[in-house]
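Here's the structure we're looking at; comments come further down.
Any value given below was found using the heavy atoms of this structure, including those in side chains, with hydrogens, waters and symmetry copies removed. Just so it is clear, the structure is predicted and the values come from calculations on it, not from any experiment.
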Amino acid sequence: MTRFWWVRHGPTHRKGMVGWSDVAADLSDTAAIARLHDHLPEAPVISSDLIRCVTTADAIQKDRPRLPHDADLRELNFGAWELKTAAEIEASHPEAIRTFWDRPDLNAAPGGESWTDMTTRVGRAVDRLIETQTGDVIVVAHFGAILGQVQRALACPVSEVLGHKIDNLSVTRLAFDGRRWHAEAINHIP
C-alpha cells in the first residue's frame, strides 16, 4: 500500500492562470504551516520543481527525508494564457477559452497542454513513486496535479472532478493498494 498525502502549495495571491510560471508562495501563516506539519506523517517529502512547491515542502519537511524535486508534478501548462486572467483571455480569444473549458481534457491553451496531457505527466511521476516507495509519501504539488490524481482515484470524468475544491495548504489523501485507488480525504484543512 502506498498512501499519498497531497499538499497544495501556499497561496501565490496571483489572479491569473498560474501554471508553469515560477511564482513564490506566501508562507507567512506560520500557524497554518505548523498545523500542516503536525498533521502529516513522518514520511518522505517530494515536490514539484516550481518554487511555490519547493518552499512549501521546505516549510513542512523538518526531519522528514526529502526526495528530489520532480518536474512531472508541475501544474497544467497554460502556454500563451499563462498569468492572464479569464477576463483577459475572454476579451482576446472568446471562442478558444470556451472550447478549452468545455473540454479541457481534449483542448489546450495555445502552446500549453490539455488536462489529459497534464494527468498523464503527473501519473508518470506517481507511478514512479509507487515503484520506489511503500507506506506514506508526502507530495507538495498544485491544484491541477492534485485534482488529476483525485480523478484517477475516483475514476470520474474531468467535468465531475473540476467541481472539487483544493485549497492552499490543504491535504488530499489518496491510497493505492496494488490493485485500485482509494480516495481517503479530499481538501482537508488541518
> Going from CZ on Arg173 to CD on Glu184, what distance comes out if it is rounded to the nearest 0.5 angstrom?
Replying inline: 5.0 Å
> Distance only, no hydrogens: is a donor on one side chain within 3.5 Å (strictly under) of an acceptor on the other, for Asp117 and Ser114?
Replying inline: yes
>> Closer than 4.0 angstrom, basic N to acidic O: yes or no for Asp72 and Arg128?
In response: yes
> Who pairs with Trp181 by ring-ring contact (aromatic ring centres under 6.0 Å, His included), at least two apart in sequence or on another chain?
Replying inline: Phe4, Phe176
>> Can you confirm whether the side chains of Asn187 and His164 place a donor and an acceptor under 3.5 Å from each other?
In response: no
>> Are Leu36 and Val171 packed together at the side-chain level, in the sense that at least one heavy-atom pair is separated by less than 4.5 angstrom?
In response: yes
> Do you know the tightest heavy-atom contact between Ser47 and Ala57?
Replying inline: CB-CB, 3.9 Å
> Step by step, would you call Arg180 with Asp177 a side-chain contact (heavy atoms from CB on, under 4.5 Å)?
Replying inline: CA-CA 6 Å; Arg180 63 186 194 94; Asp177 67 11; 3.9 Å; yes
> Just by modelled atom types, is the Cys156 backbone N or O under 3.5 Å from a matching donor or acceptor in the Gln151 side chain?
Replying inline: yes
> Taking only residues two or more places apart in sequence or in another chain, which ones pass ring-ring contact (aromatic ring centres under 6.0 Å, His included) with His39?
Replying inline: Trp5, His188
>> Could you check whether Arg152 and Gln149, counting side-chain N and O atoms only, form a donor-acceptor pair closer than 3.5 Å?
In response: yes
> Minimum heavy-atom separation for Ala25 to Thr56, with atom names?
Replying inline: CB-OG1, 4.0 Å
> How long is the span from the NZ atom in Lys84 to the CD atom in Glu90, to the nearest 0.5 Å?
Replying inline: 14.5 Å
> Is there a chain of hydrophobic side chains (I, L, V, M, F, W, Y, each step under 4.5 Å between heavy atoms) that links Val45 to Ile146?
Replying inline: no
>> Using only atom types and a distance under 3.5 Å, with no angle test, would you say the side chain of Arg52 pairs donor to acceptor with the backbone of His9?
In response: no
> Can you check whether Thr116 reaches Val158 side chain to side chain, under 4.5 Å on heavy atoms?
Replying inline: no
> Does the side chain of Asp26 come within less than 4.5 Å of Asn168's, by heavy atoms?
Replying inline: no
>> Would you compute the distance between atom OG1 of Thr12 and atom CG of Leu50 and round it to the nearest 0.5 angstrom?
In response: 11.5 Å
> Quick one: does Glu82's side chain have a donor or acceptor within less than 3.5 Å of a partner on Trp20's backbone?
Replying inline: yes
>> For residues Leu162 and Leu106: do they belong to one hydrophobic cluster (side chain heavy atoms under 4.5 Å, members Ile, Leu, Val, Met, Phe, Trp, Tyr)?
In response: no
> Mind checking whether Val137 and Arg3 have side chains closer than 4.5 Å, heavy atoms only?
Replying inline: no
>> Just by distance, no angles: are the side chains of His69 and Ser48 close enough, under 3.5 Å, to form a donor-acceptor pair?
In response: no
>> Grouping I, L, V, M, F, W and Y whenever their side-chain heavy atoms are under 4.5 Å apart, do Met118 and Leu174 come out in a common cluster?
In response: yes
>> With a 3.5 Å distance limit and no angle check, can you tell me whether Thr2 reaches the backbone of Gln133 through a side-chain donor-acceptor pair?
In response: yes
>> Evaluate Ile138 against Asp136 for side-chain contact (heavy atoms from CB on, under 4.5 Å), listing each step before the verdict.
In response: CA-CA 7 Å; Ile138 300 165; Asp136 296 312; over 6 Å; no
>> Tell me whether Ser21 contacts the main-chain N or O of Val18 through its side chain, where contact means a donor paired with an acceptor under 3.5 Å.
In response: no
>> Would the distance check show the side chain of Asn107 and the main-chain N or O of Thr99 forming a donor-acceptor pair, the cut-off being under 3.5 Å?
In response: yes
>> Do Arg8 and Thr172 make a side-chain contact, defined as non-hydrogen atoms from C-beta onward lying under 4.5 Å apart?
In response: no
> Would Leu76 and Glu113 satisfy side-chain contact (heavy atoms from CB on, under 4.5 Å), going step by step from the backbone distance to the final call?
Replying inline: CA-CA 7 Å; Leu76 182 72; Glu113 64 185 341; 3.7 Å; yes
>> Looking at every heavy atom in both Ala32 and Leu169, which two are closest together, and how far apart are they?
In response: CB-CD1, 4.2 Å
> Would you say the side-chain atoms of Arg121 pair up with the backbone N or O of Arg74, donor to acceptor, closer than 3.5 Å?
Replying inline: yes
> Are any non-hydrogen side-chain atoms of Lys62 and His37 less than 4.5 angstrom apart?
Replying inline: yes
> In terms of side-chain geometry, is the basic nitrogen of Arg98 or Glu95 positioned less than 4.0 Å from the acidic oxygen of its partner?
Replying inline: yes
> When rounded to the nearest 0.5 angstrom, what distance separates CD1 in Ile46 from CG in Leu129?
Replying inline: 4.5 Å
>> To the nearest 0.5 Å, what is the distance between CG on Asp63 and CD on Glu42?
In response: 7.0 Å
>> Has Asp167 got a side-chain atom pairing as donor or acceptor with Ser170's backbone, closer than 3.5 angstrom?
In response: no
> Can you check whether Thr85 reaches Ile89 side chain to side chain, under 4.5 Å on heavy atoms?
Replying inline: no
> Ile189 and Phe143: same hydrophobic cluster, using ILVMFWY side-chain contacts below 4.5 Å?
Replying inline: no
>> Set out, in order, the CA-CA distance, both residues' side-chain angles and the distance that settles side-chain contact (heavy atoms from CB on, under 4.5 Å) for Trp115 and Leu147, then state yes or no.
In response: CA-CA 10 Å; Trp115 182 266; Leu147 267 188; 3.8 Å; yes
> Is there side-chain contact between Leu27 and Ile33, with at least one heavy-atom pair below 4.5 Å?
Replying inline: yes
>> Could you see if Ile166 belongs to whatever hydrophobic cluster contains Val23? Use Ile, Leu, Val, Met, Phe, Trp, Tyr and a side-chain cutoff under 4.5 Å.
In response: no
> Do Trp81 and Glu88 have side-chain atoms, one donor and one acceptor, less than 3.5 Å apart?
Replying inline: no
